[in-house]
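I have placed the structure first, in the form of structure tokens, so that the comments after it can refer back to it.
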Number of protein chains: 2
Amino acid sequence: MSQDGIDLPTSLGYLLKEASSALRAAMEEVLRPLDMSVTHYSCLELLAQRPGLSNSELARGAFVTRQTMNVLLQALERDGYVTRPAAAPVGKALPTRLTPRGRRSLEKASAAVRSVELKMLAGMTDAEQAAAFQALQSMITSLRTG
Amino acid sequence: MSQDGIDLPTSLGYLLKEASSALRAAMEEVLRPLDMSVTHYSCLELLAQRPGLSNSELARGAFVTRQTMNVLLQALERDGYVTRPAAAPVGKALPTRLTPRGRRSLEKASAAVRSVELKMLAGMTDAEQAAAFQALQSMITSLRTG
DNA sequence: CAAGGTATGTCAGGATACTGACATGAGTCA
DNA sequence: TGACTCATGTCAGTATCCTGACATACCTTG
């Protein structure tokens with residue numbers, strides 16, 4: 001109606017939110033049988049790829065606050081999925097690592113999430129995926145600068 | 001390290017989450033001075049474009065549950081931003097409409113959000129934007145089916 | 001007409017994430 | 001050295017959103 005307003009359904013921002021919401025819902029669905037939340041999985045996956053990450057670094061990687069990640073890490077540590085040294089080797093940062101149990105737990109989750117990612121990419125050519133990749137990165141950098 | 005795991009930083013799913021997170025943060029930043037949350041703004045924008053939407057329809061459009069949208073609508077109605085009839089004209093759905101006050105409130109917010117959207121799109125050609133649009137829609141439909 | 005299925009609005013309780021705040025450790029700079 | 005800035009881990013309180021549940025209203029289908 002008005003040319004002033006953003007046309008929601010055709011706005012890239014809206015579409016981005018919709019896609020992210022759909023992805024999150026799909027991930028929650030496949031992770032629920034494993035009693036694992038998306039943040040939970042993100043934390044484990046990050047640790048598998050970059051062992052020794054600190055609480056704050058994990059928080060940034062999972063897009064939550066370091067307070068939120070801290071309570072998650074405490075639960076994961078209590079249940080034996082990760083380990084943290086009692087004292088910080090340098091500074092205050094406590095390098096976190098997966099235990100064998102954590103690694104086992106991640107395996108199933110990783111397979112489940114991979115199936116979601118494959119479903120999401122189904123119907124897109126490699127060129128389209130590359131274009132989407134580049135577009136998303138451009139959006140991120142544009143939003144962060146300034 | 002392992003070929004089994006998804007390489008997070010290069011995964012489209014991760015990038016999607018990162019972009020969505022950055023967009024949400026940018027929107028929250030410009031909406032905070034107006035004492036408006038993203039869901040709050042989404043609700044008003046939806047009503048401006050499609051007057052008469054019901055609570056459940058608004059919830060789907062803003063990607064929250066209808067319970068969440070309901071408490072928001074109650075607050076908006078109490079503060080005079082929207083109106084809902086006391087009785088449903090048909091079924092149980094209560095068609096919601098913006099008041100002049102709601103429309104005024106939306107104007108500033110819409111301008112602020114538009115600036116964020118423009119910033120996000122800066123550095124992308126029209127062709128790249130079109131490609132991103134198509135890619136996101138493809139992901140959404142793929143995730144929903146099956 | 002009766003019965004099942006679907007969609008809606010709403011209430012209550014609980015889970016999740018956030019903001020605010022504090023103390024501590026490391027680096028910078030005059 | 002001392003003051004300053006920044007990043008980190010952690011505690012407490014709050015906000016936000018969700019799941020579960022219920023009653024109601026429409027719409028099929030036999």
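Letters A, B, ... are given to chains in the order of the sequence lines, protein chains preceding strands, and every chain is numbered from 1.
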Under 3.5 Å, sequence neighbours excluded: what are the donor-acceptor pairs made by side chains of residues 58-75 of chain A?
from: A/Thr65; atom 1: OG1; to: A/Thr68; atom 2: N; distance (Å): 3.3
from: A/Thr65; atom 1: OG1; to: A/Thr68; atom 2: OG1; distance (Å): 3.0

Quiz item: Where do B/Leu44 and B/Leu76 land on the side chain to side chain contact (heavy atoms under 4.5 Å, CB included) test, with the steps shown first?
Solution: CA-CA 9 Å; B/Leu44 263 46; B/Leu76 291 178; 3.7 Å; yes
Self-check item: Derivation of the side chain to side chain contact (heavy atoms under 4.5 Å, CB included) call for B/Val116 and B/Glu29
Solution: CA-CA 10 Å; B/Val116 170; B/Glu29 188 178 343; over 6 Å; no
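Rounding to the nearest 0.5 Å gives a distance of 4.0 Å between CD of B/Glu45 and OG of B/Ser110. To the nearest 0.5 Å, atom CZ of residue A/Arg104 and atom OG1 of residue A/Thr99 are 7.5 Å apart. Distance check, rounded to the nearest 0.5 Å: CE of A/Met124 to CG of B/Leu12 gives 6.0 Å. Residue A/Glu128 holds its CD atom at 10.5 Å from CG of A/Leu121, rounded to the nearest 0.5 Å.
Taking the screw axis at each terminus of the helix from C/dC1-D/dG30 to C/dA30-D/dT1 from five consecutive base pairs, the angle between the two is 40° to within rounding of 10 degrees.
Residues satisfying the side-chain contact (heavy atoms from CB on, under 4.5 Å) criterion with B/Glu28, sequence neighbours excluded, are B/Arg24, B/Arg32, B/Val38.
A side-chain donor from one of B/Glu57 and B/Ser54 sits under 3.5 Å from a side-chain acceptor of the other.
C/dC18 atom C1' lies 14 Å from atom CG of A/Asn70, rounded to whole Å. The nearest whole Å value for the distance from the CE atom in B/Met69 to the C1' atom in C/dC11 is 18 Å. Between the NE2 atom of A/His40 and the C1' atom of C/dA17 there is a distance of 16 Å, rounded to whole Å. Atom CG in A/Leu94 sits about 12 Å away from atom P in C/dG25, given to the nearest Å. Atom C1' of nucleotide C/dT16 and atom CG of A/Leu31 are separated by 16 Å, given to the nearest angstrom.
When the shell of 6.0 Å around CD of A/Gln134 is examined, it contains 12 or fewer heavy atoms from other residues, nucleotides or ligands.
Contact annotation: A/Asn55 does not reach the phosphate of D/dT8 (side-chain N/O to OP1 or OP2, under 4.0 Å).
Pairs of residues two or more places apart, or lying in two chains, never qualify as side chain to side chain donor-acceptor pair (under 3.5 Å) while including a residue from residues 89-98 of chain B.
Contacts between residues 73-86 of chain B and DNA chain C, defined by a heavy-atom separation below 4.0 Å, involve B/Gln74, B/Arg84, listed by number.
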Quiz item: When every nucleotide of nucleotides 16-26 of chain D is labelled 5' to 3' by its protein contacts under 4.0 Å (heavy atoms), B for base, S for sugar-phosphate only, - for none, what sequence of letters results?
Solution: -SBBBB-BBSS
